Every structure is written in C-alpha cells, then in structure tokens.
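One structure is given here, and the rest of the page talks about it.
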Amino acid sequence: MAGRGFEQAGIDGRVAAAMAAVHGAAEPSAAQAAVVRQLARPRSHLMVRQATGTGKTYAVAAALVSLAVQEHRALTERLGQSAAAAFAAQALNTLVVVPNRELALQIERWGSELLAHAYPAAPRAKFIQRFVSGGEYEAAQRGVLRRHGAPAIAVGTPRCLLELALLRPAAPALLRWLADAPPGDAAEYLQRLKRVHGLCRQGRGLDSVAAFGGLRRLVVDEIDQVLRLPGPHAPEREKRLRRDKPRPGQVLGHDPVLGAQEARAPMPERPAERLLRSLGHVVGPRTVQVTALSATAGAAEREWMRARGWMASAPVWIDNAEARVVVPPAVTHHCLVVEDGRIVRNLRPKRANLEAEPKEEEEPDQDTEQIPMMEIMAEAAANAIEQLRPGGSVVVFTRPDASTARFGRVLERYGVLAQDVMARFDPRIAQPGPGPGPEPGPEPRRVLIACEEAARGIDLPDASLVLILDIPRSAASYAHMAGRTARFGRAGTVVSVVPAGARGCYEGKMRGIFARLGIEPAPAPFVAA
Ligand SMILES: Nc1ncnc2c1ncn2[C@@H]1O[C@H](COP(=O)(O)OP(=O)(O)OP(=O)(O)O)[C@@H](O)[C@H]1O
C-alpha cells in the first residue's frame with residue numbers, strides 16, 4: 001500500500017495514504033522519519049536543520065495532523081468520550097509559529113487537504129486553523145473560531161497568535177442574549193449567566209480563545225526568521241533595540257506562554273506580555289514539547305531558547321551531515337554583475353593581491369540610482385528567462401525596500417507578466433493570463449514576484465528558476481531565496497543580478513556569500529565572461 005513508509009514511522013495509516021495520494025509523498029527521507037518519530041515523544045524537544053526543500057515543514061505538518069487524529073481517536077474510542085468532549089480536551093494543544101502569512105496558509109492548506117482526503121467527514125476546523133493578518137483573513141478567521149471553537153492545531157504569525165491568546169469578553173451575540181433576559185426574571189438571568197460562563201470555560205462562544213492553557217506542543221518554523229536575533233557581530237545599538245523592543249515572535253515564546261523560568265537578562269514587559277503573564281495557569285516547559293526548524297537555525301537560536309528555559313532537556317538535533325549544505329546540491333547558481341550601470345557580465349573570481357573582501361555583515365552603500373537600476377534588473381531578468389527557457393515557474397526576488405507591485409510594472413515593460421507570490425496561497429487573487437485572450441500552445445510560464453520575508457519557507461514545487469535581483473542581506477538570506485527552487489530532489493537554477501558597487505564591493509560580497517555556502521557559481525553562457 002502506498003504511504004507505508006510514513007505509516008511505519010508512526011503516521012496514522014489513512015493520513016499516510018493521503019500524503020501519497022494528494023501530495024505524492026509516499027516514502028519519508030531518513031530525516032523525515034526521525035522527525036515523525038520524535039514528535040510522537042512528548043518529552044523530546046527537537047531542532048531540525050536540513051537543507052531547503054527537504055520536507056521539514058511538510059513532515060511536521062503531516063505528523064501534527066496525524067497526532068491530532070490519533071489523540072481524538074484515543075479519547076473517543078478508548079476512553080469513551082463524546083466527540084465534543086474530545087475536541088474540547090484537545091483544543092489548542094499545538095501552536096505552530098511561522099514568520100509570514102504565506103507559510104501559515106500553506107501549512108493550514110496541507111493539513112486540511114490531508115484531513116479532507118483521509119477523513120472526509122471530520123470537522124477540519126476542529127483540527128487545524130490559521131491565524132494571519134489582513135482584514136479579510138481576520139474576519140473569516142474570527143467566524144471560523146466562533147463557529148468551531150479553538151482547534152487542536154493553531155498555525156499563525158507571532159502577532160496574530162498573540163492576539164489569539166488575549167482573553168476577550170464573550171462574543172457580542174452571547175452578551176446580547178444575556179442582556180435580553182426578561183427584566184425582573186432573576187432566575188432566567190442567572191440561568192443565562194451560568195450558560196455564558198460554561199461556554200466561556202469551554203472556549204466556545206468567544207471571539208478568541210482564553211489562553212494557551214492546554215498547550216502541549218510548540219513548533220517554531222523558520223526559527224531564525226521568527227526571532228531575528230541580532231548576530232554576534234551586530235552593533236550594540238541593534239542589540240539594545242531588540243532587548244527593549246522584542247519582536248512578537250520573541251514575546252510569544254517568552255515565559256508567559258511556556259511558564260518558563262525568567263530569562264537570564266529579563267526583557268522589559270510590554271502590555272501584551274503582561275497580559276500573557278497574568279494568564280498564570282499555563283503549563284510549564286516540562287510538559288510542552290518544543291520543535292524548532294530552519295535550514296539556517298544556529299547556535300544563536302539554540303542559546304536563546306536555552307536561556308529562557310524553553311527546553312527542559314537538550315533537544316534532539318536532526319541535522320544535515322554538513323551544516324553548510326543549506327541549498328540542495330541540485331541547484332545551478334549563476335551570478336551576473338552590472339558594471340557601470342549597463343554592462344552585464346559574469347561574477348569574476350577574486351584576483352590575488354586585491355584589497356580584502358568586504359565582510360558579509362557590512363552594509364552596502366545606499367544605491368542612489370534606484371530607478372535606472374530597477375530597469376536594468378528587469379531587463380536582465382527578462383533576458384535570463386528568455387535564454388534559460390525554464391520548464392516551470394519563475395520566482396523573482398526584488399530588492400528588500402522595493403515594492404513588488406512597482407517592480408511588477410517595470411517587468412511588464414520588458415514583456416514579463418508577473419504576479420505576487422501570495423496568489424499561490426490565496427485562490428481569490430486572480431491568476432494571470434498570458435495576455436488579453438487565451439493563447440494556444442503550452443501553459444504560460446508563471447512568474448511570481450516576492451520579497452524575501454514573504455517567501456521564507458514557502459513551497460513552490462514547480463519553481464525551476466529563481467532570480468535574485470540585488471544584493472542579498474546575508475548568506476542565509478541568499479540560501480532561503482535560492483531554496484525556493486529544487487524542492488525535494490528536483491533540479492533548479494538561480495540567477496542573481498547585482499550591481500558591481502563602488503570598487504566592486506557588492507561583487508566581493510557575493511563572492512563571500514558563495515564561499516560561505518560552499519557554492520561554486522557557474523558562468524552564465526548568455527552573458528560576457
Ligand atoms: N517524502 C516526500 N516525498 C515526496 N515529496 C515530499 C516528501 N516530503 C515532502 N515533500 C514535498 O517536498 C516539498 C518541500 O517541502 P517543505 O516545504 O516541507 O520543505 P522544507 O524543508 O520545509 O523547506 P524550506 O527549508 O525551504 O522551508 C513539498 O512540495 C512537499 O510536498
């Protein structure tokens with residue numbers, strides 16, 4: 001039977017069959033099998049560092065769905081609880097924190113697809129819901145939460161999960177019903193009041209769930225991006241800023257959620273943190289299993305968690321053999337350099353006796369000619385697409401401070417029709433057509449524009465070409481952008497286009513990034529050496 005490998009690792013049989021049927025995931029890699037096994041051990045904390053696209057997030061998502069299903073079955077079949085009681089007991093036992101809403105939507109979609117295939121009659125929203133920002137999403141999320149109560153697995157961005165944790169009064173409808181009790185009928189009022197309290201205690205009838213009281217698993221995907229800790233060489237000013245103004249990801253994982261010990265250097269409390277702390281009945285770190293994932297998770301994140309007592313015991317590391325293998329080897333890397341604002345050539349190897357390469361952390365000079373540079377980048381991108389004729393989708397990364405919509409318009413002038421990467425995760429965003437009318441021939445190539453933040457961790461299985469237009473912030477940043485192609489054993493090509501910079505400083509930085517990642521860029525055949 002298909003999917004036996006995942007079943008043998010401990011995944012529920014029907015979920016395993018759904019993984020094979022819906023996502024083509026029949027056999028786990030060794031790392032995935034280890035992840036599935038470890039997740040089923042409540043006292044085992046886990047850090048997973050494997051190259052991009054090796055199925056870390058997918059294995060965790062499938063394992064969590066499987067655990068929720070198995071736990072529900074144990075409660076109803078073995079312990080004889082009603083389905084409603086079992087769902088109430090399971091409510092919000094797993095929190096999956098991700099750095100962007102695209103990834104939250106993706107994980108929720110994977111989970112829902114597996115459930116729909118494996119257990120078509122099961123109420124999916126009881127098992128998994130996502131919490132992301134954006135007016136329309138938030139309204140829909142609130143509706144689902146109100147109708148179904150808290151799910152077993154909540155996936156979301158730190159800010160939205162923080163909001164979810166905030167105790168709010170009962171839903172207005174419930175309060176109205178209470179207020180509508182016939183005046184003078186004290187008994188009826190008391191009855192209604194008791195019912196409201198009962199519903200609140202069960203986490204039903206609320207706009208948001210009371211707290212993470214039943215939390216048993218905390219998964220932080222792309223942990224380095226969620227925490228964004230200043231690096232060891234970061235300026236003191238940045239370190240101080242991060243201490244004084246912790247990011248939502250840091251606040252969320254801070255002791256109020258886990259009931260953990262005080263951090264060694266306690267951070268000043270902010271209102272949200274204080275509120276979380278006041279919900280003092282949350283479980284402690286000994287009963288919460290923590291799992292952290294990222295191709296580029298490192299000592300800084302591990303130390304951050306250790307200092308806060310997140311993990312009562314040392315985590316099991318599921319690490320790639322060589323920590324530097326961050327991008328799968330099946331990727332071909334080209335790096336094009338724009339010289340004097342017009343000549344596009346290949347990156348040149350470092351010549352002997354040149355000045356030292358600029359350090360990777362060094363901030364590049366401000367680009368004063370942003371608009372012309374956008375034009376050059378767009379032209380280079382259009383040319384690369386034309387020359388390489390990729391068989392699948394193309395993902396274009398713009399410079400971090402540029403608007404993707406604006407760059408999309410520039411690309412259009414060079415004949416490249418692109419849409420925001422979010423379209424892949426939200427069916428309401430229209431898919432682009434090849435032009436005004438349907439075109440005969442093969443399906444048009446899809447070109448997606450993204451910025452690094454929005455694309456962190458997302459899965460675009462058909463992406464065969466990634467274009468990185470500008471200097472990546474760091475080696476990790478390059479790796480995560482490049483890693484949107486060559487997913488799970490597929491091949492892919494990455495073309496980065498960078499300005500040479502004053503005295504070749506950007507070129508030097510690119511050489512530093514490649515060296516750090518152990519990548520040997522190949523000269524692109526379609527530009528000068
Ligand atoms: N065992 C499997 N067999 C076939 N395909 C799989 C298997 N496991 C995962 N995949 C597919 O691999 C792709 C990448 O998965 P996923 O996004 O989980 O990778 P990742 O390691 O988390 O990547 P990143 O580090 O970029 O976040 C997905 O399309 C997923 O469906």
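A quick note: this is a predicted structure, and the numbers were derived from the prediction, not measured.
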From [X] [atom1] over to [Y] [atom2], what is the distance, rounded to the nearest 0.5 angstrom?
X	Y	atom1	atom2	result
I128	I153	CD1	CD1	4.5 Å
I468	S477	CD1	OG	7.5 Å
N100	M422	CG	CE	9.0 Å
K56	T291	NZ	OG1	14.0 Å
L517	I519	CG	CD1	4.5 Å
R406	L411	CZ	CG	12.5 Å

Pairwise side-chain contact, [X] with [Y], heavy-atom cut-off 4.5 Å (strictly under):
X	Y	result
D470	P499	yes
L388	V495	yes
V98	D221	yes
Y137	L105	yes
N383	Q387	yes
V337	M510	no
D459	R487	yes
Q419	L448	yes

*Run the ring-centre check on F514 versus Y478 and record whether the distance is less than 6.0 Å.*
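F514 vs Y478: aromatic centres under 6.0 Å.
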_S29: side chain to side chain contact (heavy atoms under 4.5 Å, CB included) partners, not counting sequence neighbours_ =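 Result, side chain to side chain contact (heavy atoms under 4.5 Å, CB included) vs S29: A31, Q32.
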What are the two closest non-hydrogen atoms of [X] and [Y], and how far apart are they?
X	Y	value
F6	E27	CE1-C, 3.7 Å
A68	A152	CB-CB, 4.3 Å
V447	L417	CB-O, 3.5 Å
R101	G134	NH1-CA, 4.0 Å
G111	V65	CA-CG2, 3.7 Å
A378	Y414	CB-CD1, 3.7 Å

*asked:* Just to verify, what does R490 make a salt bridge (Lys or Arg N to Asp or Glu O under 4.0 Å) with, not counting sequence neighbours?
replied: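 Salt bridge (Lys or Arg N to Asp or Glu O under 4.0 Å) check on R490 returns nothing, list empty.
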*State whether R456 and E102 are salt-bridged, where the test is any N-O pair (Lys NZ or Arg NE/NH1/NH2 against Asp/Glu carboxylate O) under 4.0 Å.*
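The answer is no: the pair does not qualify as a salt bridge.
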*Can E339 and R345 be counted as an ion pair, charged N to O under 4.0 angstrom?*
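Salt bridge flag = yes for R345 with E339.
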Quick check against the 3.5 Å criterion: does [X] have a side-chain atom that pairs as donor or acceptor with the backbone of [Y]?
X	Y	value
Q129	A125	yes
R49	A297	yes
K126	H148	yes
K509	G504	no
R511	R348	yes
S464	G392	yes
N346	L336	no
S112	R109	no

*Report the C-alpha distance between F131 and L145 in whole Å, list the side-chain angles of each, state the deciding distance to 0.1 Å, and finish with yes or no for side-chain contact (heavy atoms from CB on, under 4.5 Å).*
CA-CA 10 Å; F131 299 90; L145 187 62; 4.2 Å; yes
_CA sep, side-chain torsions, deciding dist, call: Y58, M19, side-chain contact (heavy atoms from CB on, under 4.5 Å)_ = CA-CA 10 Å; Y58 183 74; M19 292 169 75; 3.5 Å; yes
For the residue pair [X] and [Y], confirm or rule out a side-chain donor-acceptor distance under 3.5 Å.
X	Y	result
E452	H480	no
S393	R446	no
H334	T493	no

*Please lay out, stage by stage, how R413 and E375 fare under the test side-chain contact (heavy atoms from CB on, under 4.5 Å).*
CA-CA 9 Å; R413 286 207 291 278; E375 297 282 339; 2.3 Å; yes
*Would you sort out whether H23 and L114 count as a side-chain contact (heavy atoms from CB on, under 4.5 Å), showing the intermediate values?*
CA-CA 9 Å; H23 302 129; L114 291 177; 3.7 Å; yes
